[in-house]
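Structure first, commentary second.
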Amino acid sequence: MTEVVTRFAPSPTGYLHIGGARTALFNWLFARHMGGKYLLRIEDTDRERSTEEAVEAIMKSLKWLGLNWDGEPVFQSQQQSRHAEVAHELVKQGKAYYCYATPEELDAMREEQHAQGLPIRYDGRWRDRDPSEAPKDIAPVVRIKAPSDTEGEMVVHDLVQGEVHVPYSQLDDMVLLRGDGTPTYMLSVVVDDHDMGITHIVRGDDHLTNTFRQRVIYDAMGWKIPQFAHVPMIHGTDGSKLSKRHGAVSAFAYRDMGYLPEAMRNYLLRLGWGHGDTEIISTEEAIKLFTLEDIGRSPSRMDFAKLAYVNAHYMRDSSDDTLMELTLPFIEEALEHKPDETGLARFRAGLTDLKDRAETLAELAHAGLFYVRPRPLPLDAAAAALMDAPAQGVIRDIHGVLDTVKDFSNDNIEKALKDYAKKKGLKLGKVAMPLRAALTGTTSSPSVFHVAEILGREETLARLSDIARS
RNA sequence: GUCCCCUUCGUCUAGAGGCCUAGGACACAUCCCUUUCACGGAUGCGACACGGGUUCGAAUCCCGUAGGGGACGCCA
C-alpha cells in the first residue's frame, strides 16, 4: 500500500474561510491518521484576484490552527508550463484539439441553448474540423474530447457521497488552455494533484460535479484516479451559505475573539463528523479515530453557542501559565494600556477561579480586569445601585474589621466577615456584596474572600476607602 | 433549463429492518449547591420533511413529492 498524500488547496483571494479551515482539518487529520503526508498548494493561477497578503493570511491561519503542512507549499502559478505541456501532449495524441470559436460565438450558442431549454454545453463545433479551416486571426483554445458515448454514464466512488453517477451527455469538451496559452483550473488541478502524488482528494462538495470533468483528463492521460471525499459546506445559522452577515467567517476572527486552536479543531471536527456520543475529542484522539467515511453528507450550520462551550472546556483544561500567556493580549486590549507587574501577578493568582466563568479569552480578560485596573475602580451600574446607605455603612465597618485580620488569608477573612455579619444580624450576602462591589466594581466575581486575599490587605483597604469617600 | 447532492429535537449528531415508547451534546426552563456570577449535579422541553409501497416488522430498503444546496466560463 502506497503512502497516503492529501492536500489543502486554497486560492489566495482573501482570508482563510472557516469552511476552508475545516477542509484543511479533515485533510490534516486523515493524513496523520494514516501516517501519510499533508501538503499545501496555493491555487494562484488567477493573477487578477490572488494577492500576496492572502497567501500570508492563509498560511498564518493554518499555523494558528496547528494544521502545519509537510514540505514546501506548491504555487500553482509556477507549474503553468508543465500544465501546458500536458495539454499539448493530449493534442498530439488526438485527445484534445484546437477550437477557434470566439467568446461572442459561444455566448450566442449558450443563449440559444438556454432559450430552447437545452443543457448548456459546448457543442463540439471544432472537434472534427480540419485544421486547414482555422481562421488566421484567432488564437485558439485547446479543448479536451469528452467521451463520445452519449448513452453511458460515468461513476465516481466518493468516500463521503458514495457512488455518484453522471450521464456522459452532461460532459462537454472543456477548455484546457486559454487563447493566451495559460492553463485553466480544471487542467491545473488534475496535473498538480497527479504530479504531487495526491492519493486522497478531500475538498468541498461544490467540487463534486467538477470531479467528472476532471476524470476526463485523468482518463485521457491514463493516470491513476485518486480517492475522492467531498465534504459538505458549512452554512450560517439560518441555513444559507455562510457569509459576513452571519458574523465570523475568517479563521482570524475566531482567534481575535479569544477562541483556542484546540477548541476550534474539536468543534470543527464534530461539525459534520461524529463518533458515537463523544463530544470532547482531543486532537490526539481525533487522529486515532478519524475516518473519511464517517463524514456526514448534509451541510452543517455554525453554532456559536456550542463553539463557546467547547472553548470553555479547553480553557479550563489549559494550565494557568499557558492561559495567562494567551490572555495577556486581551488584557492589554481591554485595559487600553499595559498592566503593571503587581496587577498581572494578581490576575495570575486569580486565574484558577476566573477561568471557569469565561468562554473566551476576551471574556476571561474582562472577568479579571479588576485585578489589573488602577484605583479608584469604576463601579458598573449594578454595583453602583447596590451601594445604598446601609451598604456604605457595611463598607466602613468592614474596613475596620479587615484592618485587624492578622494573617490576611482567605480563611481568616471569611471568618472575620462571617463573625461580623452574625454580630450585626446580617445575611452574609449583605456583607459580601458591598465588598465585592468595592473590590471588583461589579456584582459578579469569584469568591470575594479569595479576591481580597489576592489583592492583599493594603489594596483591599484602599479600595474600601475609595468607596467610603465617594 | 439540464445534471448532481442533501433532508432525525432550534443546532451538531447517534442510529446500517426488530436493541427506538429514537440516544447523547449545545441551547432553553426548573431545582440543588452557593456570599454573587459561573462551574458542577438533577429533572424537564424537544425530531425521524411529506405521501405511497416492500416486509410479520422501517428512522433505517424502494418509488414519488416538496424544500434546501451545488455545478453547468478562455473564474478558481
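In what follows, chains carry the letters A, B, and so on, assigned in the order in which the sequence lines appear, proteins first and then strands, with residues in each chain numbered from 1. Here the structure is a predicted model, which is why all the values come from computation and not from measurement.
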Can A/Phe26 and A/Phe290 be said to form a ring-ring contact (aromatic ring centres under 6.0 Å, His included), step by step? CA-CA 8 Å; A/Phe26 286 172; A/Phe290 188 75; 5.4 Å; yes
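Residue A/Arg316 places at least one side-chain N or O under 4.0 Å from the OP1 or OP2 atom of B/rG40. Checking the phosphate oxygens (OP1, OP2) of B/rC74, a side-chain nitrogen or oxygen of A/Arg110 falls inside 4.0 Å. Considering only side-chain N and O atoms, A/Thr45 lies under 4.0 angstrom from the phosphate OP1 or OP2 of B/rA76. For A/Ser300 and B/rU13, the shortest distance from a side-chain N or O to OP1 or OP2 is below 4.0 Å. Look at A/Tyr309 and you'll find a side-chain N or O under 4.0 angstrom from OP1 or OP2 of B/rC26. Residue A/Arg143 has a polar side-chain atom (N or O) positioned under 4.0 Å from OP1 or OP2 of B/rC74.
Using Watson-Crick or G-U wobble geometry with both donor-acceptor distances under 3.5 Å, B/rU11 finds its partner in B/rA25. With a cut-off of 3.5 Å on both Watson-Crick or G-U wobble distances, the partner of B/rG64 is given as B/rC50. Using N1 to N3 plus N6-O4 or O6-N4 for Watson-Crick, or N1-O2 and O6-N3 for G-U wobble, each under 3.5 Å, B/rA59 pairs with nothing.
Here the nucleotide nearest the side chain of A/Tyr185, chosen from B/rC74, B/rA76, B/rU7, is B/rA76. Looking at the side chain of A/Asn210, the nearest of the listed nucleotides B/rA71, B/rC26, B/rU35 is B/rA71. Closest to the side chain of A/Leu428, out of B/rU13, B/rA38, B/rU35, is B/rU35. Side chain of A/Thr209, nearest nucleotide from B/rC12, B/rG70, B/rA76: B/rG70.
Note: CD (A/Gln214) to P (B/rA76) measures 12 Å, nearest angstrom. In this structure, the CG atom of A/Leu271 is 18 Å from the P atom of B/rA25, given to the nearest Å.
Nucleotides B/rC5 and B/rU43 place their P atoms 43 Å apart, quoted to the nearest Å. Taking atom C1' on both nucleotides, B/rG15 is separated from B/rG51 by 24 Å, rounded to a whole Å.
Between A/Val175 and A/Pro446, the residue whose closest nucleotide on RNA chain B is further toward the 5' end is A/Pro446. Along RNA chain B, the nucleotide closest to A/Val164 and the one closest to A/Gly429 are compared, and the more 5′ of them pairs with A/Val164.
Side-chain atoms of A/Ser447 come within donor-acceptor range of the base of B/rU35, with a qualifying N/O pair under 3.5 Å. Residue A/Arg436 places a side-chain atom within donor-acceptor reach of the base of B/rU35, judged by atom type and a 3.5 Å distance cut-off alone. Within 3.5 Å, a donor on the side chain of A/Lys306 pairs with an acceptor on the base of B/rA25, or the reverse. Side-chain atoms of A/Asp205 and base atoms of B/rG70 include no donor and acceptor less than 3.5 Å apart.
Judged by distance alone, the side chains of A/His200 and A/Thr6 never bring a donor and an acceptor atom under 3.5 Å apart. Side-chain contact, A/Ser409 with A/Asp411: no donor N or O sits under 3.5 Å from an acceptor N or O.
The aromatic rings of A/Trp273 and A/His275 sit parallel to each other, their planes meeting at less than 30°, with 60° as the upper class boundary.
Comment: A/Arg121 does not engage A/Asp173 in a salt bridge, judged by the lack of any side-chain N to carboxylate O separation of less than 4.0 angstrom. The pair A/Lys415-A/Asp419 meets the salt-bridge criterion, with a side-chain N (NZ, NE, NH1 or NH2) lying under 4.0 Å from an Asp/Glu carboxylate O.
A/Ile120 comes within contact range of at least one nucleobase, with a heavy-atom separation under 4.0 Å. Nucleic acid contact class of A/Gln161 (heavy atoms, under 4.0 Å, all strands): sugar-phosphate only.
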